[in-house]
Amino acid sequence: MEHIRLNGAYWGLTTLDLLHKLRAVEADEVIEWIMSCYHPESGGFGGNVGHDAHVLYTLSAVQVLCLFDRLDALDVDKVADYIAGLQNEDGSFSGDIWGEVDTRFSYIAICTLSLLHRLHKINVQKAVDYIVSCKNLDGGFGAMPGVFCCVGALAITGSLHHIDRDLLGWWLCERQCKEGGLNGRPEKLADVCYSWWVLSSLIMIDRVHWIDKDKLAKFILNCQDKENGGISDRPDNAVDIYHTYFGVAGLSLMEYPGVKPMDPAYALPLDVVNRIFLRKEH
């Protein structure tokens with residue numbers, strides 16, 4: 001897990017915030033560690049101290065700083081220029097200087113720049129056109145989380161009209177297994193993490209009423225370790241921070257009592273997102 005520690009910080013800290021417990025950590029210590037993963041020469045963040053910069057970790061860093069309302073710690077334009085510099089001629093995005101292309105990186109770039117109020121630094125139309133070109137005949141965009149990334153990017157850019165909501169909604173609601181959990185593609189086992197990927201996508205296209213939310217909530221709660229805390233991928237498996245986050249996030253999307261509401265596109269608590277966009281400065 002050493003190379004994705006920054007992602008882990010985002011998963012854990014967002015879970016704490018959803019549970020109204022973010023004050024359990026020392027904010028200044030967290031910010032100092034986050035900034036120790038920053039590469040000032042490029043503007044990106046690595047997954048841990050001394051690791052290479054990548055958009056995956058840059059988004060997590062920005063999201064954590066949003067949680068603490070500390071975007072002022074960033075050289076916003078430097079970070080935005082790092083992301084914008086990874087857009088390719090066809091509108092797609094590379095994840096880092098080595099050039100791997102993935103629709104996940106399109107979402108990450110769009111989400112990060114939107115949180116920083118810097119979407120104007122990229123060719124948004126080309127980015128949208130590239131994502132739309134990845135659509136499958138079944139209405140999906142490849143396996144999850146590719147679907148979430150494409151739907152999320154289109155939602156943030158106001159481009160959801162490109163999606164056949166009924167066709168994609170049908171594919172997504174077909175992900176619910178008989179035990180209530182959701183899977184990532186046909187014939188796979190249910191996994192708690194898809195509670196987030198599938199549910200958030202269904203919410204963004206207004207088709208969340210097509211699944212049985214009570215059965216899904218029961219599945220997530222059955223994956224808890226009731227003695228030591230945490231949530232696993234499936235009942236009776238070992239818990240981890242990744243599935244704990246996505247389980248709590250899934251419960252949030254279903255308005256579970258005591259859990260803060262979550263924004264399905266930005267993957268942050270709704271009050272954090274509202275704070276960012278209601279206080280837009282530029």
Side-chain angles (χ1 to χ4, degrees), residues 1 4 7-22 24 60 63 67 104 140 143-149 151-152 155 168-273:
M1 301 292 280
I4 56 168
N7 295 148
Y10 157 71
W11 298 327
L13 292 163
T14 307
T15 305
L16 282 173
D17 198 20
L18 289 173
L19 299 174
H20 306 274
K21 302 287 185 191
L22 192 59
S60 286
Q63 287 170 316
L67 289 175
R104 289 179 306 151
M144 309 294 296
V147 174
F148 162 79
C149 289
V151 175
L168 178 58
W170 176 252
W171 188 86
L172 289 166
C173 76
E174 284 275 283
R175 306 280 59 77
Q176 189 157 34
C177 305
K178 62 179 186 296
E179 64 269 38
L182 300 162
N183 65 21
R185 55 186 187 271
E187 307 302 324
K188 300 293 279 187
L189 293 173
D191 185 319
V192 157
C193 69
Y194 296 115
S195 307
W196 166 262
W197 303 119
V198 176
L199 259 188
S200 55
S201 300
L202 282 168
I203 288 171
M204 287 186 277
I205 62 169
D206 301 317
R207 296 296 182 274
V208 74
H209 54 285
W210 285 7
I211 63 159
D212 188 329
K213 289 197 269 187
D214 290 338
K215 279 182 78 173
L216 176 57
K218 195 173 177 184
F219 174 79
I220 296 171
L221 295 171
N222 282 342
C223 294
Q224 288 181 102
D225 181 333
K226 293 196 168 97
E227 289 175 20
N228 301 309
I231 297 173
S232 59
D233 57 347
R234 295 180 196 96
D236 302 321
N237 283 0
V239 303
D240 60 65
I241 194 70
Y242 176 85
H243 290 94
T244 300
Y245 162 64
F246 285 114
V248 173
L251 292 170
S252 167
L253 293 176
M254 293 186 284
E255 301 173 1
Y256 192 81
V259 181
K260 274 189 181 184
M262 187 93 163
D263 186 286
Y266 290 99
L268 283 167
L270 200 53
D271 61 332
V272 173
V273 174

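Along the sequence shown, residues carry numbers from 1.
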Once rounded to the nearest 0.5 Å, what's the spacing between atom [atom1] of [X] and atom [atom2] of [Y]?
X: Leu22; Y: Thr15; atom1: CG; atom2: OG1; answer: 10.5 Å
X: Cys223; Y: Phe246; atom1: SG; atom2: CZ; answer: 14.5 Å
X: Trp196; Y: Leu182; atom1: CH2; atom2: CG; answer: 13.5 Å

Closer than 3.5 angstrom, by distance alone: can the side chain of [X] be matched with the main-chain N or O of [Y] as a donor-acceptor pair?
X: Asn237; Y: Ser232; result: no
X: Ser252; Y: Lys260; result: yes
X: Arg234; Y: Ala190; result: yes

**Report entry** Matching residue for Asn183 among Lys188, Arg175, Gln176 - test: side-chain hydrogen bond (donor to acceptor under 3.5 Å, both in side chains)
**Finding:** Arg175
Closest heavy-atom pair and its distance - [X], [Y]:
X: Ala265; Y: Gly152; answer: CB-O, 4.5 Å
X: Ile241; Y: Gly8; answer: CG1-O, 4.2 Å
X: Ile220; Y: Val192; answer: CA-CG2, 4.3 Å
X: Phe219; Y: Pro235; answer: CE1-CD, 3.9 Å
X: Asp17; Y: Pro269; answer: OD2-CG, 3.4 Å
X: Asn7; Y: Ser60; answer: ND2-OG, 2.8 Å

Requested in this report: Can you run down the side-chain hydrogen bond (donor to acceptor under 3.5 Å, both in side chains) pairs that involve residues 211-224, sequence neighbours left out, and say none if there aren't any?
Outcome: none
Query raised in the report: Ile211 and Leu199: side chain to side chain contact (heavy atoms under 4.5 Å, CB included), yes or no, with the steps?
Result: CA-CA 9 Å; Ile211 63 159; Leu199 259 188; 3.6 Å; yes
Taking C-beta and beyond as the side chain, do [X] and [Y] meet within less than 4.5 Å on heavy atoms?
X: Met204; Y: Phe148; result: yes
X: Leu172; Y: Arg207; result: no
X: Trp11; Y: Thr244; result: no
X: Pro264; Y: Leu202; result: no
X: Val208; Y: Leu253; result: no
X: Leu221; Y: Tyr256; result: yes
X: Asp191; Y: His243; result: yes
X: Ile231; Y: Tyr245; result: no

Query raised in the report: Hey, mind stepping through Met262 and Thr14 against side chain to side chain contact (heavy atoms under 4.5 Å, CB included) and telling me if it holds?
Result: CA-CA 10 Å; Met262 187 93 163; Thr14 307; 4.1 Å; yes
Query - Pair Leu16-Leu67, side chain to side chain contact (heavy atoms under 4.5 Å, CB included): steps then yes or no - result: CA-CA 10 Å; Leu16 282 173; Leu67 289 175; over 6 Å; no
Query raised in the report: More than 12 non-hydrogen atoms from neighbouring residues, nucleotides or ligands closer than 6.0 Å to CD on Glu255, yes or no?
Result: no
Requested in this report: Apply side chain to side chain contact (heavy atoms under 4.5 Å, CB included) to the pair Val239 and Asn228, showing each step before the final yes or no.
Outcome: CA-CA 9 Å; Val239 303; Asn228 301 309; over 6 Å; no
